Amino acid sequence: MRIGLVGLGKMGANMRTRLRAHDVEVVGFDRNPDVSDVASLDDLVAALPAGQRFVWVMVPAGGPTRDVLAQLATLLAPGDVVIEGGNTHYVEDAERAATFAEHSIGYLDVGVSGGVWGLENGYGLMVGGDAATVERALPIFDALRPEGPRDEGFVHAGAAGAGHYTKMVHNGIEYGLMQAYAEGYELLDAKDIVTDVPGTLKAWSRGTVVRSWLLELLVKALEEDPELADISDWVEDSGEGRWTVDEAIDAAIPLPVISAALFARFSSRQGASPAMKAVAALRHQFGGHDVRPSSPGA
Ligand SMILES: O=C(O)[C@H](O)[C@@H](O)[C@H](O)[C@H](O)COP(=O)(O)O
């Protein structure tokens, strides 16, 4: 089997390597000529058999993905299939699938988890789209997913959008889990009677109820930098957590843990908190309680 792969950044380049190692021929295109197999998207499309093409798109979500999909819509032929593997907001998928369907081009949305470790461990895959198209693409998914039973690492989760929806919820859970481990780490670190924090976390990685891959990664991070001295406390977010919380609000489903984890990231970016200044000012107003002077620049 031979497929096209658009986007050869951190994720796409590793996926190309894994696909090739599993006997899937890959024609990769990236705007960076140093990593690209072909000079243009047109060349990628020309290198694949018309009507049987699979083109996996792995470029940043939002504008870059939309641009590539718009170009593919003009280049592909009936029978071809587009697989969109970025961290796209699921609300975009149904319309895209319908637009491609008007040209008899298949469209699958795929949530891809595993980060830079996916090359070695395989990628967790969550797929949305129609069953016949998913069936046709199974050899690609089988090459990318972890070794072992297909249903432990791959799911056809439902209709168009279900792949990105399930990845969104997965990422919301990821926010909550990371926050819980991080808070536990801080509490351990603050206690003088606990003299081996990294050792405690490492010990938890086998046998305990809270063992997990994220915990192993925290142990690894502390082995590399025991005080996390080289890492600032600023935490970005790429949108998945916000979409998860938006979705919960729409459905009136309480998500206290995931929301708190999202808001903790926002707090991480505030040098000084206007809200907490206001709380201190109010305590001072009604109770005459002491306030601390602000430090310069805060
Ligand atoms: O499952 C995964 O492999 C990760 O979730 C991956 O997709 C990526 O690292 C996150 O999207 C980062 O998301 P935030 O920037 O929102 O933390």
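As the structure lists them, so they are numbered: ligands from 1, and atoms in each ligand from 1. Note that this is a predicted model, so its numbers are computed, not measured. Any value given below was found using the heavy atoms of this structure, including those in side chains, with hydrogens, waters and symmetry copies removed.
- When only interatomic distances are considered, the shortest N/O to N/O separation between G115 and ligand 1 falls below 3.5 Å.
- E92 and R66 are joined by a salt bridge, as a carboxylate oxygen and a charged side-chain nitrogen come within less than 4.0 angstrom of each other.
- Aromatic ring orientation, F100 versus Y107: parallel (interplanar angle below 30°, classes split at 30° and 60°).
- Look at G241 and you'll find every heavy atom at least 4.0 Å from all atoms of ligand 1.
- In this structure, E223 pairs ionically with K202, as a charged nitrogen and a carboxylate oxygen lie closer than 4.0 Å.
- The closest protein non-hydrogen atom to atom 10 (C) of ligand 1 is N171 ND2, 3.5 Å.
- Atoms of ligand 1 lying under 4.0 Å from any heavy atom of G114, numbered from 1 in the order shown and given with element: 1 (O), 2 (C), 3 (O).
- Donor-acceptor pairing under 3.5 Å is recorded for the side chains of K167 and N171.
- Between R96 and E84 there is a salt bridge, since a side-chain N of the basic residue sits under 4.0 Å from a carboxylate O of the acidic one.
- Which parts of ligand 1 touch S238 is read off a 4.0 Å heavy-atom cut-off, strictly below it: atoms 11 (O), 13 (O), 14 (P), 15 (O), 16 (O).
- Near Y175, meaning under 4.0 Å from any of its heavy atoms, are these atoms of ligand 1: 14 (P), 16 (O), 17 (O).
- No side-chain heavy atom of F29 sits under 4.5 Å from any side-chain heavy atom of D43.
- Of the protein's heavy atoms, N87 ND2, 2.8 Å lies nearest to atom 11 (O) of ligand 1.
- The protein heavy atom nearest to atom 2 (C) of ligand 1 is S113 OG, 3.3 Å.
- For atom 6 (C) of ligand 1, the nearest non-hydrogen atom from the set K167, E240, M126 comes from K167.
- Heavy atoms of Y123 come nearer than 4.0 angstrom to ligand 1 in no pair at all.
- Nearest protein heavy-atom contact of atom 4 (C) of ligand 1 is E174 OE1, 3.5 Å.
- Although no hydrogens or angles enter the test, the distance criterion places no donor-acceptor pair under 3.5 Å between the side chain of T133 and the main chain of G106.
- Taking every heavy atom of R265 and a limit of under 4.0 angstrom, the matching atoms of ligand 1 come to 14 (P), 16 (O), 17 (O).
- Contact check on D237 versus R269 returns a salt bridge, with a Lys/Arg side-chain nitrogen under 4.0 Å from an Asp/Glu carboxylate oxygen.
- Atom numbering of ligand 1 starts at 1 in the shown order; those under 4.0 Å from a heavy atom of H170 are 1 (O).
- Heavy atoms from other residues, nucleotides or ligands lying under 6.0 Å from CD of E95 number 12 at most.
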